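To keep things clear, I will list the structure first and then write my remarks on it.
It should be emphasised that the depicted structure is a prediction, and the values quoted were computed from it without experimental measurement. In each ligand, atom 1 is the first atom listed, and ligand 1 is the first ligand listed.
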Amino acid sequence: MTATATPSLERALPLVAIAGNPNTGKTTLFNRLTGSHQKVGNYPGITVEQHKGKLVLGGGRAVELVDVPGAYSLSARSREEEIAIQAVAGIPPHPKPELVVIVVDATQLARNLYLVLQVIELGLPVVVALNMSDLLEKRGLTLDLDALRAELGVPVVRVSALRDTDFAPLLATIEDVLARPEIGAPGARWTPSSKELREHVRAVEPSVPAEWIGSNGDAKPNRAAQRRHALALWALLSIDEQDELADVPAELRRAVLERRSAAARSGMQIDAEVISGRYGWIDLRIGRIVRERSARTSLSERIDGVLLNPWAGFPIFLLLMGIVFQSLFSWADPLIQFIEARFADLGTLSAHVLPPGLVQDFVENALIAGVGSVIVFLPQILLLFLFIGVMEDSGYMARLACLMDRLMRALGLHGRAFVPMLSGYACAVPAILATRTMERQRDRVLTMMVIPLMSCSARLPVYGLVIAALFPAATVWGFLPAQGLLMVAMYLFSTLTALAAAAVLSRTLFKAPSVPLIQELPPYRMPHWPSVLRMMWQRSRAFLVGAGTVILACTVVLWVLLAFPKHPEITERYAAQRADAERTVRDPAMLQERLATLDAARSSEQLRASFGGALGHAIEPTIAPLGFDWKIGVGLIGAFAAREVFVSTLGVVYGAGKDADEKSQTLRALIREETRADGKPVYTPLMGLSLMVFFALACQCMSTLAAVYRETRSWRWPVFLFVYMTALAWVASFVVYQGGRALGFG
Ligand code: GDP
Ligand code: MG
């Protein structure tokens, strides 16, 4: 006999899942029903929180209630949505629920019914809880519950998770359906009307794994067939080349991809057909169920009259975006400086505590600097997600997508790609996380591929140094500052390049039928702060864990490249010179200065002799046509960690000290005076322009690559991004530099 684990008591309780669209009151209802009997765990095999609780029905019978993540539909491309469908449908490793309570926002019935239809198709016993029914009266709506029951074929109960004191009707219905599942198992369901689509579904059906169907005791053959059909349809809609689904068997994936490409060849749009088919089913019936009492326009409609008005809507939107954009720079700035200062303090502290040497250098310049360069992104990320959260929760984001859809579609982008792209001006990392508001993986990846072209704030110091050092502070037409104009031109250049790249990529690599933007406009409401804060926290944590670890690792690698191999003779020579200076120079201020010069010269020499220096020399032939020498090569290698590192790496190469920033007069002067072997200056305005163009276009940011990796869960996209941007940068700089020379500049 083999020992087996005792099955836990909870597993013996029948499982009841609470599903529904986001913000319909699932969690409120869950909390009201379970009271104090709740606990938090993880979904099987994944670390997404799941709330479970015991619900005691009449007669002392108990069931286990689970709060499933909210979803607008079960067609999932993302991992989170996959969890929702697995938990509702009971796909292994998730246990199959005996009953699904679908929480519906009664004031948004048409939109909510989409998910209801999908769950019903799966053939599980269902109870529809019409929540927020306390608001119906206020909105001037009446619902015909009998008509709804008749159309859906499942029990429908009115509730108000917030106001009700007694949930007896809901509990009684749950009990009824648990006792006699056939009451909750519907006859009515939507099926594809087109013959071609039905054939595709049928072709996928045999590949649906048997354990997904699950006998679960009710081995009624027609029930199993219905479930197989529904799961095949789900797979056909959810699986594509770029989805993130983790638990799809290879056989099913192969069958779906085959069918999808067959459909694409015959010009059929599976997604659009199913989506509009289901909404068509709903539209046909909704008029009989929902009655609007008065024609009085609601507050939401009046607000929309302004915000969706083509004349007023755009300026208001641009104003709002201006505020967001500005605050990402200005509000975050004090915090960023605070964080930078604290990490600098920490570095100094470590230098005091640890004896000088390799360990100290590592702790200060690799570990602390690395962690610091991760944390420093947090203020912008938190702020950005605060804005996005408020815009989503208040209902404005849905309007924005409509407003922008035309413009973005012309470029092959999704309407919701606009805000992430705009955020790219601040920092690509949170902008890439912000692409999650798009459902389709293709739209998200395409947006991710163009966001890093938007000129982020890390490019600013590089532009600043180059412009200040190499371009005269002249004015154009007597009043416009040439340096400022050049800065604006760089932003314009990067924006136009990003838009052009989107237009090209969407017509080539990301060629796909554009999916109609189906966007019901929810009523405006005050943002729900707990969920806004939760989202801010979840996305920031995702950044810290996902991008942060990669950034840290790369900073360490970079440190090794620049610090090794050690050359004891350099150290000894400078130690001797230091001792010499300490003996001969009497004036303390002069001595300080002399020592600082010596230290900077030593770092510079060490760097030239390091692996990084060797790499700089090695890449020199490839960057020489752009007008760059090996010193800029070292700077470029440093800049791969993060662009702003370019300036400080140049500071080290030129011996201006590693704390040199773009405002350092020493560094500017050193750069201006640098000459080639033939005595001509290395840095000409033309070369400066070439350098700025290179920085505008090249993908020199590990954090961005790490974020793309995290969001797409594949190395394919970060590699593609890196290669295409760097190639673009090289070609553009080449054209600028060689073209400029041919025209007689420089
Ligand atoms: P979930 O996203 O589906 O889990 O929704 P939540 O439970 O977080 O609720 C979203 C918002 O709706 C919260 O602000 C709730 O207070 C509110 N809410 C939930 N149920 C009701 C209800 O029956 N009536 C009203 N007026 N508000 C509700
Ligand atoms: Mg919830």
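Close approach to Asn23 involves these atoms of ligand 1, each under 4.0 Å from a residue heavy atom: 1 (P), 2 (O), 3 (O), 5 (O), 10 (C). Residue contact check: Thr28 has heavy atoms under 4.0 Å from atoms 6 (P), 7 (O), 9 (O), 15 (C), 19 (C) of ligand 1. When each atom of ligand 1 is checked for a heavy atom of Ser160 under 4.0 Å away, the hits are 22 (C), 23 (O), 24 (N). Using a 4.0 Å cut-off to heavy atoms of Leu135, the atoms of ligand 1 that qualify are 26 (N).
At a 3.5 angstrom cut-off on N or O pairs, Ala161 counts as close to ligand 1. Here's the thing with Arg525: none of its N/O atoms is less than 3.5 angstrom from an N/O atom of ligand 1. Checked by distance only, ligand 1 and Gly25 come closer than 3.5 Å through their nitrogen or oxygen atoms. Note: no N/O pair closer than 3.5 Å links Ser133 and ligand 1 by distance alone.
Nearest heavy-atom pair across Ala431 and Pro420 is CB-O, 3.2 Å. In terms of heavy atoms, Arg227 sits closest to Gly90 at NH2-O, 4.1 Å. Residues Val128 and Val126 share a closest heavy-atom pair of CG2-CG1, 4.1 Å.
Among Val68, Asn131, Thr27, the residue whose heavy atom sits closest to atom 4 (O) of ligand 1 is Thr27. Around atom 26 (N) of ligand 1, the closest heavy atom drawn from Asp164, Asp134, Val103 belongs to Asp134.
Taking CH2 of Trp212 as the reference point, atom CD1 of Ile91 lies at 4.5 Å (rounded to 0.5 Å).
Contacts between His528 and ligand 1, counted as non-hydrogen atom pairs separated by less than 4.0 Å, involve the side chain only. Residue-level proximity to ligand 1 for Val159 is absent, since no heavy atom of it falls below 4.0 angstrom.
Taking the charged nitrogens against the carboxylate oxygens, Asp67 and Lys26 have no contact shorter than 4.0 Å, which rules out a salt bridge.
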Inset, instruction - Determine, stepwise, if the pair Asp105 / Thr24 fulfils side-chain hydrogen bond (donor to acceptor under 3.5 Å, both in side chains). - result: CA-CA 5 Å; Asp105 179 347; Thr24 49; over 6 Å; no
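When the salt bridge (Lys or Arg N to Asp or Glu O under 4.0 Å) test is applied to Arg61, no partner is found at least two apart in sequence or on another chain.
Ring centroids of Tyr396 and Phe387 are separated by 6.0 Å or more, keeping the two rings apart.
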